[in-house]
Amino acid sequence: MSGLLEPKQVVAAVKGLHWRTSLEIHKLLKDNEDFCITYNDGEEGASPEKIDVEKLVGMLPLHLLSVFISTTDTDGKLRYLLSGIRLLNTFCDLTSRHPRLDQVLLDDVVLTAQMLDLVIFTMITLGGNRKESWKSDNDSLIEATMVASSLHLMHGFISPNSQDLVIVFLAHPKVDVFIDAAFGAVHNVVRSLRAKLLYRQTDQTKKLGANSVGAVNAHCQQAEAALQFLHSLCQHKLFRDRVAQNQELCGKGGVLMLAQSILSLTVTPEFVGAAVIIASISRIKAKVLSLLHHLFEAECVSFLDEVEHAGSLHLAQTVASEVLELMRHGLSRASKASAPHEYPMGFVLLNAMRLADVFSDDSHFRRFFTKHFTMVLSAVFCLSHGDFLSMLCSSDLSSREDDATLDYDLFTSSGWVLSSFSSPGELAVPQFKLNFQNNLTMSSYAHQRTSLIVKIMANLHCFVPEVCTEEDRNRFIQTFVSGLRKDPTSILVNLLPSSSYTPEAQRGTSVCKNISSLLHHAEFLIPNALNVEDLMILRVFCQQLEPLIRSEFEESQAEVKDNQGVGGSSSGKQGRKEPLNLNNDEASENSDVRVEGAGTKQGVNEEMEIAERSKESDADANNLETSGSETSSNRGKGLVDQVEDGDLARTFTKRLKVSASSGEVKEDERVEASLLLEKQRTKRKRSIMSDDQMAMMEKALVDEPDMQRNSGWIRTWADKLSQTGPEVTSAQLKNWLNNRKAKLARASKQGPARDNNSSGDLPESPGDENTWQQKPTTPFADKASAASSSSSEGLKRGQQVMLVDERGVEVGKGTVLKTDGEWYGLNLETRQVCVVDVMELSGLYDYSKMSIPYGSDDVGRTFGEANSRFGVMRVAWDVSKLQ
């Protein structure tokens, strides 16, 4: 022999060996010192054959490629090629056990290039014809399996890490061809799945290669695995930027057509009971929504602008309609406590809301979302106060979405499909392992969902003269109010009894109470889940909504107030003209709207600081305003440059209250909010670190305390964080590290010098940068608490203390955060308790398991849970046990 195998020898080896597992081939190689395998090709009467594995591996990729190009028998060709890919994957699995295989498969650059060419050519062939065409179950199933198997083969011969795959693909000269073909191939898989579902629905007789539910289940798994591969690549900035720049996919709408096909998948009555199919289709929808969001947020190009320039906005409009429908169904289900699904369904609602945040912030779609989604919001706000709190103002939801990734087994999957051709009976469809990839605690999930609602409302309420027409002014708030008159059960999916919604006679009061609670809860979400400017727009929306609701529900609210015996009535005419007086104690107690969002029940006992600068005029501001405000005055510019995000919200609150003390809110004061907001609007960050991501960073900083000085470490950790939650860029991570270090330095310098009421601000503890922050201090104060500037036996905020247990043994060291008022329902003064940020624990304790006093679901029950909730070990501790 010349050192090469004959083609017929390779064909016989593929047919005879692809059924054997990697363990079986490992044993055969181990028993033969010459690195040869003796096998039977399966034909009756055929004698065993012996083949050199090293030669077979060296020839197999090029052989399969030549078969792909030359053979005309499509049906038999695909089965044979799938067998060859299956065998190649088995050899890749054996590289760690056999150095000779590792040298041939992984170290041979030429062979690696041939395998890449095989994958790319497979995508081109299976993704080329993008028109709908009827195919048998077997044909469509084997093509779907070919797409998924070819893509996942990359994990075998390159790397299981998607970041490594991105580097290889971007270095390949045919990367754009691969991207276009791969998305087209996955789209064809989805098309055939959709056709299979629709064809079943017609109840036409059809010869099946496998049982009906089993065939659809297998097809769903192949579609999910293929889309999951592309989604993993698009999580990396460089790859998604390359995809976003692809004119065929983005400009001409290829990705949008893929999303449209997936989002239109419906579960037909035949499969209503098949929970595994329903869950798989739901996860596919969640993944394509996430993929779209990644592309929409690409930094290199504006995705929607490219779509507009190519004349494909109608495709984006169709996707936006599907997103709206998913949110309508998702919010309807979220309003009802339900048992968890048997299988994880994916973050469908959360990802749909992330896309809606982008759509509603785009001038092409803002009016569309204002018209349709505002009605859904109105229905949500019509929920009874208890149901509304459970849905949008709680950190502990009754139910939530769960995400998972499919642990795709190429050998098992392709083997089942190949067996379905030869076996006359029904085969059990293999169920691949689902790796839960929530990356979100219950509180993180709840906070993100609420923050997205606030962001969408802020986008729709914001009026920007440069991009909005005069007709858009007030459109959102007017549509919202008119929606309150509609039957909410006709808007939301009718999952709740009518008693869950507030009767129309009491709706004005209830809606005001709901939106006030949302505003109050939103303050807790700054800065980790919500931007300050979004909160400020929500404040303005509340302030403008109250008189409109009074006017709309004037008679109904008058009846309710008379029945409740509320004093201090005002005429309907006055109600329409006078906004809520924020400084009036009686109004604060008797009104259901608190624009501040700071209810007195929470015991916010910080002394109000009347800012002298609230009356100063700031010049040279941009002429931008929120919906419902009149012509903007030139104020507010200097304020943005002078204060940080937390101070910005508090300063704006003070200005509203100072202006309201005279009985009216000045128009230019109200407009000033939009000046501040729009100045920062272009800087809005959409990707925010989750609790788990910040916990990862805190652990990493123990080993690398000066990480901000090492750009390589920052890039590495930014990529790691992006794989476990929301995307974090290197610049964002470096900024977070610098802010954290600066606040640690400030906290160490301040020591015990700061008095409880020396400022209206919360102390800048080291945990501030990575907590689901306590409600930011507002100037709304209780005069009784102002007198107690120092409490709890002389302990003051910022004071360094040592925590001890009942025996006086040291538990750890920390900084006092709060000494009076209430903290998550705990009266600190009555119980003689302080809130402490624990910076260091004694080595004797395992904080992840040790219970903390005054634990609860909100603050955690162990040091570990507290750290997960706040990003710092924030606990309530008896004053008598602080030294």
Side-chain angles (χ1 to χ4, degrees), residues 75 78-79 82 126 132-149 151-152 185-229 258-288 322 326 341-346 348 404-410 412-434:
D75 187 29
L78 288 181
R79 274 182 287 172
L82 184 58
L126 299 179
E132 297 280 358
S133 59
W134 183 90
K135 291 184 180 179
S136 67
D137 271 5
N138 285 340
D139 289 342
S140 62
L141 183 57
I142 198 169
E143 286 190 8
T145 309
M146 274 289 295
V147 172
S149 297
L151 292 174
H152 281 268
V186 174
H187 193 181
N188 281 340
V189 172
V190 174
R191 280 195 179 105
S192 59
L193 173 61
R194 182 170 176 268
K196 188 172 293 186
L197 290 170
L198 292 175
Y199 201 76
R200 294 273 193 279
Q201 194 175 19
T202 61
D203 293 328
Q204 297 182 28
T205 58
K206 192 174 184 182
K207 184 177 180 181
L208 305 178
N211 65 84
S212 177
V213 175
V216 174
N217 183 12
H219 204 133
C220 283
Q221 291 183 352
Q222 307 305 330
E224 183 177 0
L227 183 65
Q228 180 176 289
F229 183 88
L258 169 62
Q260 180 182 341
S261 296
I262 290 176
L263 297 178
S264 63
L265 289 175
T266 55
V267 179
T268 52
E270 180 182 356
F271 305 110
V272 167
V276 65
I277 293 177
I278 296 172
S280 182
I281 291 177
S282 180
R283 289 194 302 271
I284 292 172
K285 291 182 178 182
K287 284 183 173 63
V288 79
E322 295 287 353
L326 288 173
H341 294 279
E342 184 178 353
Y343 299 95
M345 306 288 284
V348 177
T405 57
L406 194 69
D407 191 0
Y408 187 73
D409 187 334
L410 192 159
T412 303
S413 176
S414 57
W416 182 88
V417 173
L418 291 170
S419 298
S420 66
F421 284 87
S422 55
S423 176
E426 294 185 357
L427 299 173
V429 181
Q431 294 302 316
F432 302 126
K433 178 182 176 182
L434 291 171

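What you see is a predicted model, and the numbers here were worked out from it, not measured in a lab.
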Exercise for the section: Check whether any side-chain heavy atom of Val216 lies under 4.5 Å from a side-chain heavy atom of Leu197, and answer yes or no. Expected result: yes
Exercise for the section: Quick one: closest heavy-atom pair of Pro344 and Arg283, and the distance? Expected result: O-NH1, 2.8 Å
Handout entry: Val147 vs Asn188, side chain to side chain contact (heavy atoms under 4.5 Å, CB included): CA-CA, chis, key distance, verdict
Key = CA-CA 10 Å; Val147 172; Asn188 281 340; over 6 Å; no
Completion exercise
Here the gap from Leu258 atom CG to Leu263 atom CG, rounded to the nearest 0.5 Å, amounts to 9.0 Å
Exercise for the section: Using atom types as modelled and distance alone, determine if a side-chain donor or acceptor of Ser413 lies under 3.5 Å from a backbone N or O of Asp409. Expected result: no
Handout entry: Contact summary for Leu406 and Gln228, nearest pair of heavy atoms
Key = N-OE1, 2.7 Å
Handout entry: Short side-chain to backbone donor-acceptor contact, His152 and Ala225, under 3.5 Å
Key = yes
Problem - Asn217 side chain to Val276 backbone, donor-acceptor under 3.5 Å - result: no
Exercise for the section: Ignoring hydrogens and angles, tell me if any N or O in the side chain of Ser264 forms a donor-acceptor pair with the backbone of Ser261 under 3.5 Å. Expected result: yes
Problem - Contact summary for Ile278 and Met345, nearest pair of heavy atoms - result: CG2-CE, 3.9 Å
Exercise for the section: Mind checking the CG-CD spacing from Leu126 to Glu143? Nearest 0.5 Å is all I need. Expected result: 5.5 Å
Practice task
Return yes if some donor-acceptor pair links the side-chain N/O of Lys285 with the main-chain N/O of Leu265 below 3.5 Å, else return no.
Solution key: yes
Exercise for the section: Output yes when a side-chain donor or acceptor of Ser192 lies under 3.5 Å from a complementary backbone atom of Val189, and no otherwise. Expected result: yes
Handout entry: Nearest-0.5 Å distance, CD1 of residue Ile262 to CZ of residue Arg191
Key = 11.0 Å
Completion exercise
Scanning both residues in full, the closest heavy-atom pair of Ile284 with Cys220 reads CD1-O, 3.9 Å
Problem - Approximate separation, where rounding is to 0.5 Å, of Gln222 CD and Leu151 CG - result: 11.0 Å
Problem - Leu141 and Lys196, any side-chain heavy atoms less than 4.5 Å apart - result: yes
Handout entry: Separation of Ile142 CD1 from Leu418 CG (nearest 0.5 Å)
Key = 6.0 Å
Handout entry: Close side-chain approach of Arg79 and Val417, heavy atoms under 4.5 Å
Key = no
Problem - Side chains of Leu227 and Val288 in contact at under 4.5 Å (non-hydrogen atoms) - result: yes
Practice task
Please report the shortest heavy-atom distance between Ser149 and Leu82, naming the atom on each side.
Solution key: OG-CD1, 3.8 Å
Handout entry: Which atom of Ser280 lies closest to which atom of Glu224, heavy atoms considered
Key = OG-OE1, 3.0 Å
